[in-house]
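Following: one structure in structure tokens, then a few remarks.
When reading the values below, keep in mind they use all heavy atoms of this one structure, side chains included, and skip hydrogens, waters and symmetry mates. These figures come from a predicted structure and were not determined experimentally. This chain uses plain numbering: 1 for the first residue, then up along the sequence.
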Amino acid sequence: MIRIGKISYWHVHAWDYTKQAQEHPGTEIAAVWDENPERGRKAAEQQGVPFYESLDEMLAREDIDGVIVDAPTSMHRDVMVKAAKAGKHIFTEKVIASTLHEVNEILEAVKEHGVKLTVSLPRLNDGYTLAIRKILEEGLLGKVTLVRVRLSHNGATAGWLPEHFFSLSECHGGALIDLGCHPMYLTRLFLGEAPVDVQANFGYVTGKEVEDNAVATLSTESGAVGIVEAGFVNNYSPFTIEIHGTDGTILYGTPDSKLLIRSSKKEEYSEGWVELPVPANRESAFEQWVTHIKTGTNADENIEYAVELTKLMEASNRAAKERRAVRLDELQA
């Protein structure tokens, strides 16, 4: 049994990960620490486990094998480096951290102390992503020229997002670094090549401290373009994927959860839009983390895309602030 210390209930998905740990036959929540003691005590009481006011004290427990991190983004570097130094495996909400420099500090600690790190990038494991990757590997679109992925909700306009999600000091961003993480790593995946620079435009529809409406544009050496869209101010906005290439196009979620293709590479796809089957999701990031702990393997692809995600987020935040294209090689490693 893998015994888990829960680090914070700050994030809106914290209880989702708690539920995954409770339902997995090989894991259990054994302790809670929270930077907000009142919230932490309540969460611990609900689960019948001890609450620790000191993170160091919880991490010192020899019977704690790993941690789930749902602390504010601003705390990710500190809590994960501490956890790694204490020999605890780490499952964390995205992003790993808001800057490449902090990510590298975390990865160095993870490597030095031999712990297993996995980042929650759930849409990498969804069936539509698996199907799209197969199509791209088969070359049915030819050369990919444009990728657009959109994810949006009405959390700011409808008032259901917690107020601390609009704190720049805690979140290090708004709609893009939270919700936009998912279209960002998917766009990077579907482009099939590393962007060389990023531009971004942020909107402040509800007048919050952080952006609630965002678009980032990724440019590649080959001329392909990626468009990442996210917002907290849109109602009935479907999760949407468009991938265009020299020989075809893929559409998903326009607006239904259907995967459509047209391609000149196959006769049966060339006359009109064809709906393709979407396979079942593969095991979740949490399940993969447990497997890596048990088998001694590493979440190499997961971490690769998580690092790319932070690079693109850091560049986007700088691009919006400085109103210019930011090259990825400008970032401090």
Q. Short question: side chain of Thr310, backbone of Ala97 - any donor-acceptor pair under 3.5 Å?
A. yes

**Q.** Main-chain N/O of Leu140 paired to Ser263 side chain as donor or acceptor, under 3.5 Å
**A.** yes

**Q.** Inter-residue atom distance Ile68.CD1 - His11.NE2, 0.5 Å rounding
**A.** 13.5 Å

**Q.** Side-chain heavy-atom pair Pro183, Glu229 within 4.5 angstrom cut-off
**A.** no

Q. Do other residues, nucleotides or ligands put more than 12 heavy atoms under 6.0 Å from the CD atom of Glu62?
A. no

Q | Spatial distance of atom CZ (Arg282) from atom CG (Leu124) [nearest 0.5 Å] | A | 6.5 Å

Q | Linked, directly or transitively: Leu146 and Leu251 (ILVMFWY side chains, under 4.5 Å) | A | no

Q | Check: Asn234 side chain, Asn154 main-chain N or O, donor-acceptor pair, under 3.5 Å | A | no

Q.
Under a 4.0 Å threshold between the charged nitrogen and the carboxylate oxygen, would Glu138 count as salt-bridged to Lys265?
A. no

Q | Parallel, tilted or perpendicular: ring planes of Tyr252 versus Phe239, cut at 30 and 60 degrees | A | perpendicular

Q: Would you give the length of the straight line joining atom CD1 of Ile106 to atom CD of Glu108, rounded to the nearest 0.5 angstrom?
A: 10.5 Å

Q) Roughly how far, to the nearest 0.5 Å, is CG of Leu218 from OG of Ser316? A) 6.5 Å

Q) If you draw a 6.0 Å radius around CD in Glu267, do more than 12 non-hydrogen atoms from other residues or ligands fall strictly inside? A) no

Q: Taking atom CG of Asn281 as the centre, report whether more than 12 heavy atoms of other residues, nucleotides or ligands fall under 6.0 Å from it.
A: yes

Q. Between His76 (side chain) and Ile96 (backbone), is there a donor-acceptor pair under 3.5 Å?
A. yes

Q.
Using the rule side-chain hydrogen bond (donor to acceptor under 3.5 Å, both in side chains), only one of Thr297, Thr118, Asn302, Asn125 pairs with Gln288; which is it?
A. Asn125

Q. Just by modelled atom types, is the His244 backbone N or O under 3.5 Å from a matching donor or acceptor in the Thr145 side chain?
A. yes

Q.
I need the full list of ring pair (Phe, Tyr, Trp, His ring centres under 6.0 Å) pairs touching residues 182-211, with sequence neighbours left out, sorted by first then second residue.
A. His182-Tyr185

Q. Would you say Lys85 has more than 12 foreign heavy atoms packed within less than 6.0 Å of its NZ?
A. no

Q. Is a salt bridge present between Asp178 and Lys94, judged by a nitrogen-to-oxygen distance below 4.0 Å?
A. yes

Q | Close side-chain approach of Lys208 to Glu163, heavy-atom, < 4.5 Å | A | yes

Q: Taking Asp212 for its side chain and Thr206 for its backbone only, find out whether a donor-acceptor pair lies under 3.5 Å.
A: yes

Q. Out of curiosity, does Tyr17 fall in the hydrophobic cluster containing Leu161 (side-chain heavy atoms, cut-off under 4.5 Å, transitive links)?
A. no

**Q.** Side-chain heavy atoms of Val198 within contact of Leu312, under 4.5 Å
**A.** yes

Q.
I need the Glu209 CD to Leu168 CG distance, nearest 0.5 Å.
A. 5.0 Å

Q. Using a distance-only test with no angle check, is there a side-chain donor-acceptor pair under 3.5 angstrom linking Glu193 and Ser222?
A. yes

Q) Under 4.5 Å between any side-chain heavy atoms of Arg262 and Val274, yes or no? A) no

Q) Aromatic rings Trp15 and Tyr9: how do their planes relate, parallel, tilted or perpendicular, breaks at 30° and 60°? A) tilted

Q. Name the one of Lys6, Arg39, Lys42 that satisfies salt bridge (charged side-chain N to carboxylate O under 4.0 Å, His left out) with Asp34?
A. Arg39

**Q.** Backbone N/O of Ala319 and side chain of Arg324: donor-acceptor pair under 3.5 Å
**A.** no

Q) With Ser8, which of Met75, Glu35, Glu93 fulfils side-chain contact (heavy atoms from CB on, under 4.5 Å)? A) Glu35

**Q.** Ser264 (side chain) donor-acceptor with Asp247 (main chain) under 3.5 angstrom
**A.** yes

Q. Under a single-linkage definition using a 4.5 Å side-chain heavy-atom cutoff for Ile, Leu, Val, Met, Phe, Trp and Tyr, are Leu276 and Val149 assigned to the same hydrophobic cluster?
A. yes

Q.
Can you confirm whether Thr249 sits close enough to Glu242 that some side-chain heavy atom of one is under 4.5 Å from a side-chain heavy atom of the other?
A. no

Q | Shared hydrophobic cluster, Val326 / Ile177 (ILVMFWY, side-chain heavy atoms < 4.5 Å) | A | no

Q. Is there a side-chain contact between Leu189 and Arg133 (heavy atoms, below 4.5 Å)?
A. yes

Q) Under a 4.5 Å cut-off applied to non-hydrogen side-chain atoms, are Val67 and Trp33 in contact? A) no

Q. According to the interplanar angle, ranging from 0 to 90°, do the rings of Trp289 and Phe91 count as parallel (below 30°), tilted (30 to 60°) or perpendicular (above 60°)?
A. tilted

(Q) For Phe232 together with Trp160, are the ring centres under 6.0 Å from each other? (A) no

Q) Can you find a heavy atom in the side chain of His24 that is under 4.5 Å from one in the side chain of Ile2? A) no

Q | Heavy atoms from other residues, nucleotides or ligands near CD of Glu271 exceed 12 (cutoff 6.0 Å) | A | no

Q: Examine Val69 and Phe51 and state if one hydrophobic cluster contains both, with Ile, Leu, Val, Met, Phe, Trp and Tyr joined whenever side-chain heavy atoms are less than 4.5 Å apart.
A: no

Q | Polar side-chain atom of Lys88 near backbone of Ile64 as donor-acceptor pair, under 3.5 Å | A | yes

Q | Check: Glu308 side chain, Glu304 main-chain N or O, donor-acceptor pair, under 3.5 Å | A | no

Q: Calculate, to the nearest 0.5 Å, the distance between atoms CD1 and OG1 belonging to Ile7 and Thr92 respectively.
A: 8.5 Å

